[in-house]
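Quick notes on the structure that follows.
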Protein chains: 2
Amino acid sequence: MQKLFTAPLYVQIREEIFAALRSGRWSTNEPLPSETKLASEFSVSQGTIRKAIDDLVAQNILYRHQGRGTFIRRHDEQQSLFRFFNLAREDGSKPVPASVNIHCKTRKGLKHECSALGVATGERLIEILRLRHLDHQPMILETILVSQQRFPDLNKRDLPNTLYELYGDEYNIHITRAEEQVTAISADINVSGHLKVKAKTPLIEIRRIAFDLHDQPVELRISQCVTGPYVYACSLN
Amino acid sequence: MQKLFTAPLYVQIREEIFAALRSGRWSTNEPLPSETKLASEFSVSQGTIRKAIDDLVAQNILYRHQGRGTFIRRHDEQQSLFRFFNLAREDGSKPVPASVNIHCKTRKGLKHECSALGVATGERLIEILRLRHLDHQPMILETILVSQQRFPDLNKRDLPNTLYELYGDEYNIHITRAEEQVTAISADINVSGHLKVKAKTPLIEIRRIAFDLHDQPVELRISQCVTGPYVYACSLN
DNA sequence: TAGTGGTCTAGACCACGAC
DNA sequence: TCGTGGTCTAGACCACTAC
């Protein structure tokens, strides 16, 4: 006899709410229905809804504001600049990054790029190359790759400093998490020119894959950074 | 009229339990008193104790095991090798690090080292230098610094691969979190000899400060790592 | 003032582990 | 079988926000 497994109620409801979020049932600007309303909609107690929402808050997908309601996390200018930005000063404070676009074009994706983005090999990608300044010094050379099919006409837009805000507002693609891999590289002539350092200066290269609500890889971003005054900071728990 | 602020009950109780943990009231090998017992001890409902413990579990200080009880997190060989070890293969899998000690001595701490460890400038430190192998290749040269006063006779002991287990078992100093800063450096002659790479190869240098239950800095660890087959991996949420 | 999330309680039943 | 943590309920009161 096979053993049956039923997920706890709050897990089922968490997934139902999550699915509703992905389907765009609720607007980004209004609060979700209140906990008591959701409780009667799903015919469970308020405590169970609460636990389901707790999980989504812990995942950074929703946030609560006492007295106002529960809202969908949006990437807005202030937080987005820092939430996915791990470079800090040695004392732990974070500089405000500024961006200068160098080019934005479309091209066929290489095999490893397409596989990282989960699209068919050879699909057309949009490539954005930009230079980022910290405290007015060029510090990061950033190559951003996304599928042209997922982001039609992205290359024809004005690109803001915080791209994830644009992805959400214009394409309804919400970045929820990212994975980064850091390696040490040697600056080649091209890179060193942009970053105003000597050729062969050691740099860190950060390879980031950003994922959306469906946990699909959406963006591949490769950042080559000068370190020294700034460090790549990470907490372990 | 000054506004009075009373922390929620579960926060007060969380701090009381945390203080009891630090004072060593409960052994590392036995479960804590059950939630119902703690509830009657503190004269609150079981749900309130539950929320207090939830927080400590989220902080990785306790863990629960259904049917058995709630326990203090210990660094044991298996988990300790990975919990604070961020180097991974490109596919995300983690190699098992092995260690070879090169030397272990005591010396006066430099100013920046003592300040990182929160001890008086010039205090004697124990310095451990060791080489770590991943998949049988030398990949990391690690310098570990701790206060000799906090770890008497550490330099006379056999040093295991997982130091944090030793800190906990022998000195009752439990590492709960760490902060890491990654920079790019160029291998000098000495380092490149140990790591069997050419001089000036770009490396990543990881500067870690590890903290104990009292949130005091306890260990400064500087790791110089060859990257390429391995990467420094970090998730952003 | 009305509605929201935040805290707290008391009690029920379930699933797992030790004996 | 008994004790543990895990889930779920129903209802109370508090603190904050909007109106």
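Convention: sequence-line order gives letters A, B, ...; per-chain numbering from 1.
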In whole angstroms, the gap separating C1' of C/dA12 from CD of B/Q46 amounts to 11 Å

Would you tell me whether B/R177 and A/N237 have side-chain atoms, one donor and one acceptor, within less than 3.5 Å of each other?
no

Sort out for me which residue in B/I13, B/T48, B/L9 forms a side-chain contact (heavy atoms from CB on, under 4.5 Å) with B/F42.
B/I13

Could you state the CZ-P distance from A/F71 to D/dC16, rounded to the nearest angstrom?
17 Å

First encountered from the 5' end of DNA chain D, between A/I49 and B/R68:
B/R68

Donor-acceptor side-chain pairing of B/R74 and B/N29 below 3.5 angstrom:
no

Figure out the CD1/P separation between A/I53 and C/dG6, and round it to whole Å.
9 Å

Given the rule in the side chain to side chain donor-acceptor pair (under 3.5 Å) test, do B/R130 and B/N101 qualify, once you have shown the distances and angles that lead to the verdict?
CA-CA 4 Å; B/R130 60 183 191 174; B/N101 291 322; 4.7 Å; no

Quick one: B/F42 CZ to C/dC8 P, roughly how many Å, whole number?
14 Å

Please report how far the helix from C/dT1-D/dA18 to C/dA18-D/dT1 bends, comparing the axis fitted to its first five pairs with the axis fitted to its last five, to the nearest 10 degrees.
10°

Could you label the plane-to-plane angle of the A/Y63 and A/F71 rings as parallel, tilted or perpendicular, counting under 30° as parallel and over 60° as perpendicular?
parallel

Nucleotide C/dG5, atom P - distance to CG of A/L56 in whole Å:
14 Å

Could you tell me the separation between the OH atom of A/Y63 and the P atom of C/dT4, rounded to a whole number of Å?
17 Å

Compare the minimum distances between each of D/dT7, D/dT4, C/dT7 and the side chain of B/S34, then state the nucleotide with the smallest one.
D/dT4

Counting only side-chain nitrogens and oxygens, does B/T48 get under 4.0 Å of the OP1 or OP2 atom of C/dT7?
no

Any side-chain N or O of A/R50 under 4.0 Å from OP1/OP2 of C/dG6?
yes

A/T70 side chain N/O closer than 4.0 Å to the phosphate oxygens (OP1, OP2) of C/dG5?
yes

From the set D/dT4, D/dT7, D/dT17, return the single nucleotide nearest to any side-chain atom of A/H65.
D/dT17

As a test of reading the structure: which of C/dC16, C/dG5, C/dT9 is closest to the side chain of B/Q66, going by heavy atoms?
C/dC16

Between B/D135 and B/R89, does any NZ, NE, NH1 or NH2 come within less than 4.0 Å of an OD or OE carboxylate oxygen?
yes

Calculate the interatomic distance between B/E35 atom CD and D/dT7 atom C1'; express it in whole Å.
12 Å

Measure OH/B/Y10 against C1'/D/dC14 and give the value in whole Å, please.
14 Å

Stepwise, does the side chain to side chain donor-acceptor pair (under 3.5 Å) test hold for A/E179 with B/S235?
CA-CA 5 Å; A/E179 303 276 352; B/S235 297; 3.0 Å; yes

Can you confirm if the NZ or CZ of B/K51 lies within 45° of the ring axis of B/Y10 and under 6.0 Å from the centre of its six-membered ring?
yes

B/K51, nearest nucleotide to its side chain (from D/dC8, D/dG5, C/dT7):
C/dT7

Does a nitrogen or oxygen in the side chain of A/K37 sit under 4.0 Å from OP1 or OP2 of C/dT4?
yes

Starting the side chain at C-beta, find the nucleotide from C/dC8, D/dG5, D/dC8 nearest to A/S45.
D/dC8

For B/G67 and A/L9, take the nucleotide of DNA chain D holding the closest heavy atom to each; which residue's nucleotide lies nearer the 5' end?
B/G67

